[in-house]
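Okay, so here's the structure we're looking at.
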Amino acid sequence: MSFFTTPFILFLACVDAAPHALQVKRAVTPTVSGTPEVIGVASDVAWTRDSCTSTRVRNRVLWTCRDSQSSDAFLSSTASWTNFTSDGTPNVEDGVLTMYGTNPLSAAYFAVQNDECGGSAGACSDGTRYALWQNTRPLPVDTGSDESMSLYTWVANTHITADLSCLNPNPSTSLYRSDYSPNATVDELPAATLVNQAFWPVDSISYGNYGFVISDNTAYLYGLLNGSATVALAKVLLDSIEDKTAYSYYTASGWSTTAPSLTDTSAAIANAGTGGQGTFYYSSYFSSFIWIGAPYYGDNARFLIATAPSPEGPWTTPTEFYVGEQGTAALGAYSQQAHPGLSEDYGSGRDIYLTYTKVDAKFSTPLIHVVWE
Ligand SMILES: *[C@@H]1O[C@H](CO)[C@@H](O)[C@H](O)[C@H]1NC(C)=O
Ligand SMILES: *[C@@H]1O[C@H](CO)[C@@H](O)[C@H](O)[C@H]1NC(C)=O
Ligand SMILES: *[C@@H]1O[C@H](CO)[C@@H](O)[C@H](O)[C@H]1NC(C)=O
């Protein structure tokens with residue numbers, strides 16, 4: 001892989017919903033029914049790209065992906081739509097879930113700022129790079145009465161060298177908001193604007209960057225403690241995402257309006273993910289909060305699952321339930337994601353779709369369908 005012309009990930013030094021009825025929530029041990037099926041690839045003919053995530057937006061799904069190469073541009077992020085069929089399943093035809101939509105070519109979807117070497121991909125003149133790569137799907141919030149939505153993404157302002165080592169191990173984290181209007185044309189993607197470039201300042205916990213789950217009108221936001229696989233949790237009402245003063249933070253002492261420090265181990269929630277990339281969601285099929293993701297950052301196509309009766313836990317020990325086909329490249333597989341927005345009833349049905357980035361001669365995004373017992 002050359003440095004600026006093909007997608008790649010950050011996997012060494014740097015780190016990478018839906019409403020539901022009242023139920024007794026619990027921890028469970030989901031079991032796969034039969035063999036998960038690779039039903040195709042999610043692909044946009046215009047782009048070679050990696051590390052895609054997705055969120056349901058009305059009757060379609062909005063995807064965000066990292067480094068994206070086309071014949072005309074190289075962007076550090078792009079977005080896309082996919083459609084459903086009339087029976088509500090992803091519109092896979094001849095093994096392809098077609099991703100579409102018009103990405104502006106001059107700037108990344110999550111625009112790299114001028115003090116981050118700017119341009120479409122954050123390339124600096126000294127050979128380093130600000131790699132603004134999202135780890136997590138956009139967080140959807142209903143706004144207004146006309147089906148408009150705001151979609152929030154926290155992106156770490158990571159600065160890397162050509163060999164992918166991190167120049168700023170705990171960078172600030174930007175908050176971007178994408179504005180979806182039902183009046184937009186079918187190919188128009190909801191533009192992302194920067195709300196705050198240091199929403200989480202340097203050397204603080206990057207809540208929301210490790211994932212989120214929505215419950216009772218509240219966004220529960222996960223972030224990693226310093227340089228570890230240990231996960232911390234904050235919460236905020238859905239209508240106050242942009243208001244830092246509205247947040248509260250979880251530690252062993254309970255919820256507080258004071259944020260713990262990046263190294264405060266009392267903020268750690270055991271087994272709320274592994275530190276590897278993944279997705280949180282709520283499943284009413286299991287009456288349980290779910291995390292699905294990788295065992296660690298790096299080269300593997302393994303999928304683990306953990307469950308909990310509440311976002312705060314206690315979470316079950318993540319256990320492996322599926323291993324995808326490894327790509328043939330040196331870095332052959334990474335960026336595991338679950339896609340509740342593609343699945344029956346936002347992941348509250350009996351199934352879940354998974355993707356990861358598979359690297360052979362080219363990059364692909366296999367789409368896997370898992371049915372639960
Ligand atoms: C997606 O659906 C829209 C209608 O909502 C249609 O115009 C468009 O052609 C579809 N695109 C694909 C790739 O299925
Ligand atoms: C969409 O169009 C309707 C009708 O013109 C208008 O009332 C509404 O404000 C528009 N919504 C947005 C988000 O622009
Ligand atoms: C994070 O951990 C690294 C390595 O252990 C250490 O050098 C650094 O000072 C820590 N950062 C903070 C903000 O504590």
Side-chain angles (χ1 to χ4, degrees), residues 10 12-16 39-47 49 52 54-63 65 78-103 140-151 156-160 165-173 177-193 198 200-207 209-210 223-232 239 249 251 258-268 275 297 339 341-342 353 365 367:
L10 175 73
L12 293 174
C14 300
V15 169
D16 203 21
I39 59 168
V41 292
S43 172
D44 182 324
V45 289
W47 297 101
R49 55 188 178 175
C52 297
S54 85
T55 290
R56 179 76 178 248
V57 175
R58 304 308 171 196
N59 61 351
R60 295 186 291 173
V61 168
L62 178 70
W63 297 69
C65 305
T78 50
S80 280
W81 292 112
T82 61
N83 287 355
F84 291 98
T85 62
S86 52
D87 68 5
T89 59
N91 188 24
V92 178
E93 289 177 307
D94 300 326
V96 177
L97 175 62
T98 297
M99 305 166 103
Y100 66 93
T102 307
N103 283 280
V141 178
D142 286 338
T143 50
S145 54
D146 69 347
E147 301 220 321
S148 293
M149 288 173 82
S150 292
L151 299 125
N157 297 303
T158 308
H159 191 191
I160 57 170
S165 55
C166 226
L167 293 167
N168 56 352
N170 292 293
S172 62
T173 298
R177 186 192 67 239
S178 309
D179 296 308
Y180 168 75
S181 164
N183 301 342
T185 62
V186 69
D187 284 324
E188 200 174 321
L189 294 160
T193 54
W200 303 120
V202 170
D203 285 340
S204 61
I205 299 171
S206 183
Y207 292 105
N209 185 32
Y210 190 64
L224 295 181
L225 293 175
N226 185 30
S228 76
T230 315
V231 179
D239 64 6
Y249 306 90
T251 68
T258 306
S261 78
L262 183 63
T263 53
D264 184 347
T265 51
S266 83
Y297 267 87
H339 298 270
L342 284 181
Y353 289 91
T365 306
L367 181 63

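Start at 1 with the first residue, then count along the sequence. Order of listing sets the numbers, starting from 1, for every ligand and every atom in it. Because the structure is predicted, anything quoted here is derived from the model rather than measured.
Residue Asp87 places its CG atom among more than 12 non-hydrogen atoms of other residues, nucleotides or ligands, all under 6.0 Å distant.
Close contacts of ligand 2 with Ser181, meaning ligand atoms under 4.0 Å from a residue heavy atom, involve 12 (C), 13 (C), 14 (O). Near Asn91, meaning under 4.0 Å from one of its heavy atoms, ligand 1 places the atoms 14 (O).
Of the polar atoms of Ser148, none of the N or O atoms is found under 3.5 Å from an N or O of ligand 2, judged by distance alone. Polar contact check, Thr98 against ligand 1: no nitrogen or oxygen pair lies under 3.5 Å apart.
Contacts with ligand 1 closer than 4.0 Å are made by no heavy atom of Asn59, backbone or side chain.
Distance CG/Leu97 to OG1/Thr89: 10.0 Å, rounded to 0.5 Å. For the atom pair CG of Asp44 and OG1 of Thr98, the computed distance is 8.5 Å after rounding to the nearest 0.5 Å.
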Could you check Thr185 against Thr102 for side chain to side chain contact (heavy atoms under 4.5 Å, CB included), going step by step and ending with a plain yes or no? CA-CA 10 Å; Thr185 62; Thr102 307; over 6 Å; no

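Each of Asp203, Asn226, Leu262, Thr263 has a non-hydrogen atom positioned under 4.0 Å from some atom of ligand 3.
Under the 30°/60° scheme for interplanar angles, the aromatic rings of Tyr249 and Tyr207 are found to be tilted.
Checking Thr230, Thr263, Asn170 one by one against Leu225, the side-chain contact (heavy atoms from CB on, under 4.5 Å) holds for a single residue, Thr230.
With a 4.5 Å cut-off on side-chain heavy atoms, Ile205 and Leu262 count as touching.
Looking at Ser148 and Asp146, their side chains do bring a donor and an acceptor atom within 3.5 Å of each other.
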